[in-house]
Amino acid sequence: MSEERNQGAAETQELREAARSLAGTGKPMLEAEHVQLYFPVKKGILVDRTIGHVHAVDDCSIALREGETLGIVGESGCGKSTFARCMVRLLEPTAGVIRFRGTDITHLGRRKLEPIHREAQLVFQDPVSSLNPRKRVGQIVGTPMKLHGVKGQNGVEDRVRELLGRVGLNPEHINRFPHEFSGGQRQRIGVARALAVDPRLIVLDEPVSALDVSIQAQVINLLDDLQDDFGLSYVFIAHDLSVVRHVSDRIGVMYLGKIVELSPAKELYTKPIHPYTQALLGAIPIPDPEENRARERVVVGGEPPNPVDPPTGCRFHTRCPHATDICKQVEPPLAEYPGGHLAACHHPQNVTEEEVTNAGRSPLSPLVAGGLLPNGKEVPVPQADTNGAGGGLAARLKRIAPG
Amino acid sequence: MAERLLEVEDLQVSFATEDGVVRAVDGVTFTLDRGEVLAIVGESGSGKSVTSMTLMGLTRGPNARFAGSAKLKGKELLTASEEDLQHIRGAEIAMIFQDPISSLSPVHRIGDQIVEQIRAHDKKVSKGEAFDHAVELMERVGIPHARARARAFPHEFSGGMRQRAMIAMALSLSPSVLIADEPTTALDVTIQAQILAEVKTLKEHSDSGIIFVTHDLGVVADIADRVIVMYAGRVVEQGTLDEIFYDPQHPYTWGLLGSVTRMDRDPPKRLPSIPGLPPSLIRAPRGCHFRPRCPHEFERCAEVPPLEARVAEAPDHLDRCWLEVEDKRTRREIEGRIGLVRDAA
């Protein structure tokens with residue numbers, strides 16, 4: 001019987017792979033162009049004066065296709081969660097454009113966001129604080145349905161039971177409170193709540209970080225199944241690169257508010273181009289003693305700088321073992337290497353000379369980054385039209401952070 | 001032969017609660033020698049933290065019951081007086097906790113907190129001398145500008161720096177046993193790598209024995225000499241690092257090794273996972289605690305399997321599973337878990 005099941009799994013896998021290769025040409029689900037979010041830092045007793053800005057997300061662009069899973073990794077404070085919250089407009093970016101299935105949602109008001117939020121849901125890291133302790137599971141999962149006017153065929157309660165069963169919980173437990181469940185089960189409730197309104201996109205903010213390994217595997221498998229069954233797109237945020245490798249089609253690496261590398265999932269691990277990605281990969285111990293011993297590991301010193309006053313040029317230069325003068329002065333654009341692999345670095349690693357020579361400037365590059373490619377060529381930076389993201393951003397950037 | 005520091009024999013810790021007796025630790029046996037790193041692995045609720053805290057006398061209370069024995073250099077810890085424990089804590093056994101912000105006092109300067117610890121154990125040391133020593137320790141664990149930073153408060157330190165300060169404090173009295181309870185779990189990976197490198201230097205340059213409590217098998221592979229795997233209060237398997245990773249004997253260990261995602265391999269088509277949940281420690285299943293989740297369960301599992309050596313060629317490799325070794329090896333291969341097979345090269 002198990003053989004049959006295995007075969008079944010293999011077929012699903014094939015289908016999934018086919019679907020993933022199609023995803024390359026799939027319609028865009030979400031586009032973020034030059035998104036920037038600065039949080040003001042205030043000081044003062046009677047009058048609040050703004051004394052600076054936290055550069056949480058600084059000119060990040062990304063496109064997510066239908067059915068695709070985009071992983072975003074980075075250390076705490078790199079802006080990955082903030083960026084993801086901008087994507088589904090839980091936060092309003094200070095500049096840039098966000099388009100959800102072709103509609104500009106950057107500055108929509110609460111009312112107009114409602115239908116968007118029905119299609120784009122979130123699952124949070126901490127299943128304890130993201131579930132109301134005084135509500136029963138039935139209410140927790142059912143409320144979003146009522147708010148968005150989703151009615152199951154046989155009423156809300158039936159649909160809630162169905163969902164609980166779907167995420168591997170006992171439908172009989174509909175009247176229990178969150179504290180009666182274990183961590184992994186609570187995370188399943190969070191997933192059921194997100195699914196309740198038939199979303200197309202789910203942003204998963206560190207969904208398994210708080211769980212034990214054996215439970216992590218269960219939840220990841222569940223998310224995998226749900227994606228196949230409902231044709232969902234995922235944005236998967238994590239600091240754990242091994243988990244991200246398992247779920248993602250493409251992965252973006254963030255450091256101090258910037259996307260430093262964006263690559264098809266596998267290639268990020270076999271061919272990391274940005275020294276920061278290399279540092280991240282090198283920092284993770286492999287659960288295999290021999291390979292761990294055989295591996296040469298570079299431990300990067302120092303800590304991420306303060307995002308209120310980020311370093312000039314490449315933001316990683318203060319910790320980078322390859323940094324030179326140019327890195328301190330000029331911010332590198334995202335250069336495009338073969339296979340849709342982007343990296344923002346003046347001294348790219350793991351690439352051939354030919355690849356460097358042929359690298360072009362990616363349109364996803366930050367506008368403030370110059371046109372200086374790692375091959376020494378200076379390409380003109382396209383002047384964005386004033387109606388769209390670009391012009392607005394450039395102007396705003398000047399206003400917020402002069403010089 | 002290195003000096004034996006700790007000898008724990010059939011340790012049992014239970015707590016009386018309103019709902020019943022929680023058997024948090026139920027038969028833990030191990031030893032720790034000078035200069036070695038012993039990793040205790042397990043998921044939340046497996047009893048790994050209770051075990052290590054019991055050694056420090058931190059689980060004592062009106063509702064706690066202890067049985068078995070835990071000897072530090074021949075001296076019984078379970079029955080030691082509170083006064084004796086005060087001399088042992090810090091000086092003989094020191095502990096590094098997971099969360100440095102809640103284990104440091106927020107209203108005292110870092111340096112002063114280390115000074116206090118030093119002087120609590122030896123009044124003859126002057127404040128100035130103790131402070132110099134504190135600065136020296138902070139330098140040793142890689143805190144830059146230690147003299148100035150010693151005057152800072154914990155909130156002025158980053159997470160990684162706080163953990164370094166905790167390590168400096170733990171080292172201040174050159175303890176023979178250092179217990180690190182998930183010291184890197186709250187840290188970012190690049191900072192974790194720095195702290196792990198620090199612990200490795202410590203292992204080389206001091207002759208303490210280190211107990212490293214963690215749930216992260218990657219960290220274990222990086223740092224441990226020997227490994228204890230705990231499940232629902234019991235040690236289910238213990239052995240050297242290589243024995244645990246390449247010839248694991250207990251199905252729970254297989255499950256653990258199998259469900260780890262690896263970034264250095266192509267992801268498997270489907271992540272193997274252990275079905276179900278760990279049992280409640282109030283009403284644990286009869287016999288083997290892993291029985292309800294174990295795919296290899298058979299009649300004999302209703303009896304508690306003793307922790308004993310079953311692999312003929314490895315007398316120190318102990319496990320708690322009734323299956324025959326050869327049978328286990330075949331079953332393990334059929335399951336095809338990742339991480340268990342040594343590369344041919």
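Sequence lines set the chain letters: A, B, ... in the order given, protein chains first and strands last, and positions in each chain run from 1. Note that the structure is a prediction, hence the values are computed from the model and not measured.
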| query | Do you know which of A:Gly302, A:Ala279, A:Gly282 has the most heavy-atom pairs with chain B at a distance under 4.5 angstrom? | reply | A:Gly302
| query | Have A:Glu75 and B:Thr190 got a donor and an acceptor in their side chains that come within less than 3.5 Å? | reply | yes
| request: Check for a donor-acceptor pair, side chain of A:Gln218 on one end and backbone N or O of B:Ile274 on the other, with a separation under 3.5 Å. | output: yes
| note | Rounded to the nearest 0.5 angstrom, the CD1-OG distance for A:Ile215 and B:Ser44 is 8.0 Å
| note | When the 4.5 angstrom heavy-atom criterion is applied to B:Pro275 and chain A, the contacting part is backbone
| Are any side-chain N or O atoms of A:Glu303 and backbone N or O atoms of B:Ile191, one a donor and one an acceptor, separated by less than 3.5 Å? | no
| task | Decide if atom CZ of B:Arg140 counts as having more than 12 heavy atoms of other residues, nucleotides or ligands within a radius under 6.0 Å. | result | no
| field | Heavy-atom proximity to chain A below 4.5 Å, by part of B:Glu43 | value | both
| note | The interface call for A:Asn292 against chain B, heavy-atom contacts under 4.5 Å, is side chain
| Do you know which of A:Asn221, A:Ile286, A:Val244, A:Val213 has the most heavy-atom pairs under 4.5 Å to chain B? | A:Asn221
| request: Take A:Asp240 and B:Val189 through the test side-chain contact (heavy atoms from CB on, under 4.5 Å) and record every step on the way to the result. | output: CA-CA 8 Å; A:Asp240 184 333; B:Val189 279; over 6 Å; no
| task | Would you mind reporting whether B:Phe245 and A:Glu290 have side-chain heavy atoms less than 4.5 Å apart? | result | no
| Region of A:Ile220 in contact with chain B, defined by heavy-atom distances below 4.5 Å | side chain
| Residues of residues 182-190 of chain A with any heavy atom under 4.5 Å of a heavy atom in chain B | A:Ser182, A:Gln185
| What part of A:Val300 is in contact with chain B, defined as an atom under 4.5 angstrom from a non-hydrogen atom: side chain, backbone, both or neither? | backbone
| Does a sphere of radius 6.0 Å around NZ in A:Lys266 hold more than 12 heavy atoms from other residues, nucleotides or ligands, not counting ones at 6.0 Å or beyond? | no
| task | With chain A as the partner chain, list the residues of residues 217-226 of chain B whose heavy atoms fall under 4.5 Å from it, by residue number, and write 'none' if nothing qualifies. | result | B:Leu217, B:Gly218, B:Val219, B:Ala221, B:Asp222
| remark: B:Arg262 and A:Arg245 have their tightest heavy-atom pair at O-CD, 4.0 Å
| message | Is A:Leu281 in contact with chain B via its backbone, its side chain, both, or neither, using a 4.5 Å heavy-atom distance? | response | both
| query | How long is the span from the NE2 atom in B:His215 to the CD atom in A:Gln216, to the nearest 0.5 Å? | reply | 7.0 Å
| field | Options B:Pro144, B:Gly276, B:Gly160, ranked by heavy-atom pairs under 4.5 Å with chain A, top entry | value | B:Gly276
| remark: Highest number of heavy-atom pairs under 4.5 Å with chain B among A:Gly168, A:Ala283, A:Pro285, A:Ala265 belongs to A:Pro285
